[in-house]
Amino acid sequence: TIILSCHLPVPANASIPSTLFIIPSRSGAFAVESGVTITMASPRQIPFSVSWQIFEGASTAPVSFTTSGDIRPEWWGAGVSTSAINNTTYINRAIDSQPANSYTTTLWFSYNTYQHDNSILTNSRNICLRGAGENSTTLELTTIASGRHGFKTTGTTQFQCARDLMFATTTPLTTDSDMDAMRMDADGDAPGLTADAEQVAINVKCIGYNICVYGDGDSGFLLRTQVIDNVYVSVGGSGSTSAVNEGVVCQRITYCYGNQLYVVGNDLADHGLYALTPTNLYYTGAYITGTLNEAAKLVPTSGVASLTDPRRWTFTNYTLVDNGGSILVAADQDYLLEKVDLSGGVIDIDGGSGSSNAAIMISFINTGQIRNLDLHGITAKNLQKSFINFSGGHTGQVNFINATDLAITNWSVASASTYSIFSVNPGTGTLGTLIYSGTFNGASNGRSIWVPGGRDEFDFVQALAVTESNTSVPEGHPLTSRMGTSTATLKLAGNLNCQTFNASGAITGANTTETDLATYTMPAGAMDSSVSGVSNTSGVHVYAWGTTAANANNKTIRLKFDGTTLKSNTVTAAPNGLDWLIDLHLHRYDSTNQTGIVKMWVSTTDQGTNVLSPTSTLANAIIIKVTGQNGTASSGDISLRGFCV
């Protein structure tokens, strides 16, 4: 062990053996002359507690370590009082002191703000920049010149990491310069990147940059993993909708993981998360606000159909507030995407980005296919346009959609009574099965749950528990089922109301007044306009039966629909101790017209068969009832035993 207590000149290359441990004093340093390098076995030969400059002089590479270890930028002269140009030089010298392609180097920064005027480069080193703790260390870029980054991968680097620090620009960018806080680009800056590279950002903040973390594995997917954990981003830029300003870019990477990503777009960012053809994407707990376009954009590489099919894209439990759009998912080109999970999110104040006219846009064109799309448990409110749009073409497919447990409030804000929850434009694409449930409150703006004809664009639609309120075009949400083994469906139905009586039950009194014997009120809109792709099939089947007293009095039995008598015993006016039956089938023709047939028998006597054309307004509640009227004031002349709808 030696104590270094002076500015020791080093005029020629020197090697310090691994057995020597150096303790610099505050006044001790190596003064390394130009062109000279000290070779040391390991940074561990210097106490980590040393936090001042110990390598000085004209040398551009004053020290080279043969094995990696923890280092401090202050050893080369970087620090809070050092100029930006010198900090850039000294920090890069610190990195370059480490052996190439080693995974054990961490460059530790103190509780300070380190200004720099150009990119900090990995230069074939696998290195992690680490601050002194959350909100304690800042790397501040002092220029807005194009192509300057906070921390950029170059050479054959396989591991880029930042932890517990902030990347910031002196002033937020007002142009769309290509400036990223962290950049690992196998398609550009790091063409020497080989397979299985990793990019990690943990407890990182990015203020003012165009992009916080940018990773691109090129067509060979050279980036195996990108990890984003507890990252905060405040984006800079011009505010152009065609600019490249994002929170995080995950591009052609085998596995992208994100947890607690918080992006403030400042109405300058295009997207909070831009994921271009990741094989696997798993993001949870994101908060994104103030983007010009979709908060999260998950899309494949355009025009490169030979790339490996993605497996699963998961973007869940997010909160997206006041964005131009919320989520775009595309399965175009020739990709097969096994699963897309967008469940458990919250969307508030969405602008309905672009031509999609919806908060969530699902695109499936060419031969692109999404086998399973999970939307369950999403809460959304204050949407300028629709909640979700399905847009397809060619032979694209979405096979199964789970849209259950939704809570959607106040959509179509931009143009009241225009947009629906589900907007469908599949073109020549194919939509399979969709199940949906939840609460849908249009407030004062929402038109309907389904765009006209949208339900029929799916191979099969199953409504579960649905509560719809305050929509300008309300509709029914029937349970449906396949008809046998066919692809056709039918609406499941049954008795809406059935009342049965004994001999002393529903009877006429000792008067000649028409008496209601049984009544059912059909709710407004119950006879809906379309099911299973065929318009105006809804209808009711009503049947009633009973008996009459054994006397010769006149007895009139009537079946009424919305106040209109559809059938009575016109042939046997005075049934004497006879049983009777009425049978009605009535179907919707349009919103104010119906068509049907009714029959009645008194014992074996046919009271006639009548084709009907009522004109009731089906948007109103409809009363269906059976009445009895005695010709003589005799109690019990007419007895109703059963009435079913």
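Using modelled atom types, one finds a donor on one side chain and an acceptor on the other under 3.5 Å when comparing Asp341 with Ser343. Side-chain atoms of Ser146 and Arg148 form no donor-acceptor pair, as typed in the model, at a separation below 3.5 Å.
Pairs of residues two or more places apart, or lying in two chains, never qualify as salt bridge (charged side-chain N to carboxylate O under 4.0 Å, His left out) while including a residue from residues 23-45. The disulfide (SG to SG under 2.5 Å) pairs that include a residue from residues 58-117 number zero, where partners must be two or more places apart or lie in different chains. The stretch residues 56-69 participates, sequence neighbours left out, in no salt bridge (charged side-chain N to carboxylate O under 4.0 Å, His left out) pair at all. The ring pair (Phe, Tyr, Trp, His ring centres under 6.0 Å) contacts involving residues 1-21 comprise nothing, where partners must be two or more places apart or lie in separate chains. For residues 199-247, the disulfide (SG to SG under 2.5 Å) pairs, not counting sequence neighbours, are Cys206-Cys212. The ring pair (Phe, Tyr, Trp, His ring centres under 6.0 Å) contacts involving residues 63-84 comprise Phe55-Trp76, where partners must be two or more places apart or lie in separate chains.
A side-chain donor-acceptor contact under 3.5 Å links Ser238 to the backbone of Ser240.
Counting heavy atoms from C-beta outward, Ile38 and Pro62 have side chains that stay 4.5 Å or more apart. Residues Leu337 and Tyr335 fail the side-chain proximity criterion, which asks for heavy atoms closer than 4.5 Å. The side-chain heavy atoms of Thr66 and Thr39, taken from C-beta on, include a pair separated by under 4.5 Å. Counting only heavy atoms from C-beta outward, the side chains of Ile347 and Lys381 never approach each other to under 4.5 Å.
Ring geometry for His271 versus Tyr274: interplanar angle of 30 to 60°, hence tilted.
Every residue two or more places apart in sequence or in another chain was checked for a side chain to side chain donor-acceptor pair (under 3.5 Å) with Gln384, and none qualifies. The side chain to side chain donor-acceptor pair (under 3.5 Å) test applied to Thr319 returns no partner, not counting sequence neighbours. With sequence neighbours excluded, the residues satisfying side-chain contact (heavy atoms from CB on, under 4.5 Å) with Thr37 are Asn13, Ala61, Ser64. For Asn135, the side chain to side chain donor-acceptor pair (under 3.5 Å) test picks out Lys205, with sequence neighbours left out.
Other residues, nucleotides and ligands place more than 12 heavy atoms under 6.0 Å from the OH atom of Tyr103. Environment of CD1 in Ile144: sparse, with no more than 12 heavy atoms of neighbouring residues, nucleotides or ligands closer than 6.0 Å. No more than 12 heavy atoms of other residues, nucleotides or ligands shown are found within 6.0 angstrom of CD1 on Ile85.
Asp117 pairs with exactly one of Thr170, Asn87, Thr88, Asn86 by the side-chain hydrogen bond (donor to acceptor under 3.5 Å, both in side chains) rule, that one being Thr88. When each of Ile327, Leu375, Ile370, Asp374 is tested with Val340 by the rule side-chain contact (heavy atoms from CB on, under 4.5 Å), just one qualifies, namely Ile370.
One finds a salt bridge joining Asp187 and Arg252 here, because a Lys/Arg side-chain nitrogen approaches an Asp/Glu carboxylate oxygen to under 4.0 Å. Glu338 and Arg371 are joined by a salt bridge, as a carboxylate oxygen and a charged side-chain nitrogen come within less than 4.0 angstrom of each other.
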*Test side chain to side chain donor-acceptor pair (under 3.5 Å) applied to Asp229 and Asn203, step by step*: CA-CA 6 Å; Asp229 192 353; Asn203 294 335; over 6 Å; no
Side chains of residues 279-290: which donor-acceptor partners sit under 3.5 Å, not counting sequence neighbours?
unit_1, atom_1, unit_2, atom_2, d
Asn280, ND2, Thr254, O, 3.3
Thr284, OG1, Asn317, ND2, 3.4
Thr289, OG1, Val321, O, 2.7

Taking only distance into account, with no hydrogens and no angle test, what donor-acceptor pairs under 3.5 Å do side-chain atoms of residues 121-130 form with protein atoms, sequence neighbours excluded?
unit_1, atom_1, unit_2, atom_2, d
Thr122, OG1, Thr154, N, 2.9
Thr122, OG1, Thr154, O, 3.3
Thr122, OG1, Thr157, OG1, 2.7
Asn123, ND2, Asp96, OD1, 3.1
Ser124, OG, Thr156, N, 3.0
Ser124, OG, Thr156, OG1, 3.3
Arg125, NE, Gln98, O, 2.7
Arg125, NH1, Asn123, O, 2.9
Arg125, NH2, Asp96, O, 2.9
Arg125, NH2, Gln98, O, 3.1
Asn126, OD1, Gln158, N, 2.5
Asn126, OD1, Phe159, N, 3.0
Arg130, NE, Asp164, OD2, 3.3

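In this structure, the separation between OG1 on Thr153 and CD on Gln160 is 3.5 Å, given to the nearest 0.5 Å. Rounding to the nearest 0.5 angstrom, the gap separating the CD atom in Gln199 from the CZ atom in Arg183 is 10.0 Å. Annotation: the span from Leu320 atom CG to Leu273 atom CG amounts to 10.0 Å, rounded to 0.5 Å. One distance of note links CG of Leu223 with CD of Glu198; it measures 9.0 Å at 0.5 Å rounding.
Taking all atoms of both residues into account, the shortest heavy-atom contact from Ala78 to Tyr114 is C-CE2, 4.3 Å.
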